[in-house]
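Beneath this line is the structure, given in C-alpha cells, with notes to follow.
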Protein chains: 2
Amino acid sequence: MAKTADRKKKVDCLSRMMAVRDALDVINGKWKLMILISISDGNSRFREIERSIPKINSKVLAKELKDLEEHQLIKRTVIDGYPVLIEYTATDYVMSLEKVMDSLYDWGVNHRKKIFAK
Amino acid sequence: MAKTADRKKKVDCLSRMMAVRDALDVINGKWKLMILISISDGNSRFREIERSIPKINSKVLAKELKDLEEHQLIKRTVIDGYPVLIEYTATDYVMSLEKVMDSLYDWGVNHRKKIFAK
DNA sequence: GTAAGCAGTTACCTAAAAGTAAGCACAATG
DNA sequence: CATTGTGCTTACTTTTAGGTAACTGCTTAC
C-alpha cells in the first residue's frame, strides 16, 4: 500500500475513534442512559425518577441531571406554587439518541441471550 | 390508566434499562471501543494497537484486551517462532456491534458539529 | 555493543466516580 | 403530632478506573 493511502487509513481510524469518544463522553457512566430512558418513559419528578431506577441515590441523580441538562438532553422546569415543583422533560435532542439507545438495547438483549445460552 | 397497564409500563421501562446496562457493562470505559475500532481497522499486534490509540498505555491496553477476549469480541493467537508473536483479531461477534458503533459514530460527529456551531 | 522492538508485568500512585447518611424547610396526610 | 413527601445539598468514605515508570528475556538492526 502506498504511504499516502496508509496515512489516510490512519486518519480515518483516528477520526472514527474520536467521534465515538465524543459520543461516549456525553452518555458514559452507569446512569445517564438509564435516566434518559426513565424520563422518556414519562417520569418527570425527581423522586419519581429516583424510584424508577434501582439502586440510584439522590446525590448521583442530582449530578447526572445537571450534566444532562448542560448537554441539552433534558429540560428542567420550575412550577411555582407551594411547594415549588420541578419537572424534568426530554428535549427534542434526545430523539437524536434514539438509534444509539435502540442499538444498545438490541445488543444488550442479544448479549444476555448469548451468555445464558451457555 | 389501569394499574395493570401501569405495572406493565414500569416493567418495560425497567427491562429497557437493564438491557442497555448489560450492553454498557461490556463496552464501557474510555478504551474498549477504541481498541475494537483499531483492531477492526487491521491493527493486530500489541504495539501496533498501542501506537494507533493516542494516550493509551500498555498496562491499560493489556487489561482491556483481556476483557474483550473474555467477552469473545477479539481472539488472541500465539504465533510460534523466535520471538513468539501475538496476533489480535476481531471475532465475528464484533460484527454484531456494528450498529452500536455506527450510531455512536454518527451521533458523535453530529454532536461535535452542534457544539462548534454555537 | 548499544539501541530498539517484541508482548507484556509489576508495584505504586492519583483522580474520578460512586455510595452513605444525614439534613434542609415546608406541606399534606394519617 | 409523628410520618411522609417535595428536591435537592453537604461532608465523608469507598471503590474503580486509569496513569507512570521501570523491567523482563530474547532478537535484530545500527
Side-chain angles (χ1 to χ4, degrees), chain A residues 17-18 20-39 42-71 74-90, chain B residues 6 17-18 20-39 42-71 73-90:
Chain A
M17 285 187 201
M18 292 316 166
V20 169
R21 175 66 70 77
D22 284 343
L24 286 180
D25 283 347
V26 176
I27 61 161
N28 67 355
K30 267 172 97 165
W31 303 113
K32 296 227 168 63
L33 288 180
M34 318 275 276
I35 294 168
L36 288 181
I37 291 172
S38 173
I39 294 178
N43 298 115
S44 59
R45 327 302 316 284
F46 188 93
R47 294 285 185 207
E48 204 177 9
I49 299 165
E50 192 176 4
R51 279 191 302 266
S52 74
I53 304 174
K55 311 244 176 186
I56 202 170
N57 61 67
S58 38
K59 186 204 131 191
V60 168
L61 180 56
K63 188 231 165 206
E64 299 289 59
L65 285 171
K66 268 176 207 158
D67 287 356
L68 291 171
E69 204 193 344
E70 261 175 40
H71 288 301
I74 60 173
K75 198 174 36 189
R76 181 181 184 272
T77 315
V78 179
I79 304 167
D80 283 337
Y82 284 101
V84 180
L85 298 180
I86 309 291
E87 198 180 56
Y88 290 97
T89 46
Chain B
D6 224 46
M17 286 186 201
M18 292 315 166
V20 169
R21 177 65 71 78
D22 285 343
L24 286 181
D25 283 347
V26 176
I27 61 161
N28 67 356
K30 265 171 99 165
W31 303 113
K32 296 229 170 60
L33 287 182
M34 317 276 276
I35 294 168
L36 288 182
I37 291 172
S38 173
I39 294 178
N43 299 115
S44 60
R45 329 301 315 283
F46 188 93
R47 294 290 183 206
E48 204 178 8
I49 299 165
E50 192 176 5
R51 279 191 302 265
S52 75
I53 304 173
K55 310 247 177 183
I56 203 170
N57 61 67
S58 36
K59 186 204 134 192
V60 168
L61 179 56
K63 188 230 164 206
E64 300 288 60
L65 285 171
K66 269 176 206 157
D67 287 356
L68 291 171
E69 205 194 343
E70 260 175 41
H71 288 300
L73 290 166
I74 60 172
K75 199 173 37 189
R76 182 182 185 272
T77 314
V78 180
I79 304 168
D80 283 338
Y82 284 103
V84 181
L85 297 181
I86 309 291
E87 200 181 55
Y88 291 97
T89 46

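Numbers restart at 1 for each chain; the letters A, B, ... are given by sequence-line order, proteins then strands. Source: prediction; values computed, not measured.
- Distance CD1 (A/Ile35) to C1' (D/dC8): 14 Å, rounded to an integer number of Å.
- The main-chain N or O of B/Thr77 is never found under 3.5 Å from a side-chain atom of B/Glu87 such that the two would form a donor-acceptor pair.
- Here OG of B/Ser58 is found 12.5 Å from CD1 of B/Ile49. Values are rounded to the nearest 0.5 Å.
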In B/S/- notation, 5' to 3', how is nucleotides 16-29 of chain D contacted by protein heavy atoms closer than 4.0 Å? --BBB---------
Where do B/Arg47 and B/Glu50 land on the salt bridge (charged side-chain N to carboxylate O under 4.0 Å, His left out) test, with the steps shown first? CA-CA 5 Å; B/Arg47 294 290 183 206; B/Glu50 192 176 5; 3.0 Å; yes
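- When distances run from any side-chain atom of A/Arg76 to the nucleotides C/dC6, D/dT6, D/dC8, the shortest one goes to D/dC8.
- Contact check for B/Trp31 versus A/Arg21: side-chain heavy atoms found under the 4.5 Å cut-off.
- Note on B/Tyr88: every side-chain N or O is 4.0 Å or more away from OP1 and OP2 of C/dC6.
- The side-chain contact (heavy atoms from CB on, under 4.5 Å) search around B/Arg45 returns B/Glu48, B/Leu85, not counting sequence neighbours.
- Distance A/Glu87 CD to D/dC8 P: 12 Å, rounded to the nearest Å.
- By the neighbour-count criterion of 12 heavy atoms within 6.0 Å, atom NZ of A/Lys75 is sparsely surrounded, having that number or fewer from other residues, nucleotides or ligands.
- Going from atom CG of B/Leu61 over to atom C1' of C/dT10 covers 16 Å, rounded to whole Å.
- Per the geometry, CZ belonging to A/Arg51 stands 10 Å off C1' belonging to D/dT6, to the nearest Å.
- Following rounding to the nearest Å, A/Leu68 (CG) and D/dC8 (C1') show an atom-to-atom distance of 16 Å.
- When both pairing distances are held under 3.5 Å, C/dC6 makes a Watson-Crick or G-U pair with D/dG25.
- The distance between atom CG of A/Asp25 and atom C1' of C/dA16, rounded to the nearest whole Å, is 14 Å.
- In terms of phosphate contacts, A/Arg45 brings no side-chain nitrogen or oxygen within less than 4.0 Å of OP1 or OP2 of D/dT6.
- The CZ-P distance, from B/Arg21 to C/dA18, rounds to 9 Å in whole Å.
- Computed from coordinates, the A/Asp67 CG to C/dA16 P distance equals 14 Å when rounded to whole Å.
- You'll find the side chain of A/Leu65 stays beyond 4.5 Å of the side chain of A/Arg76, heavy atoms only.
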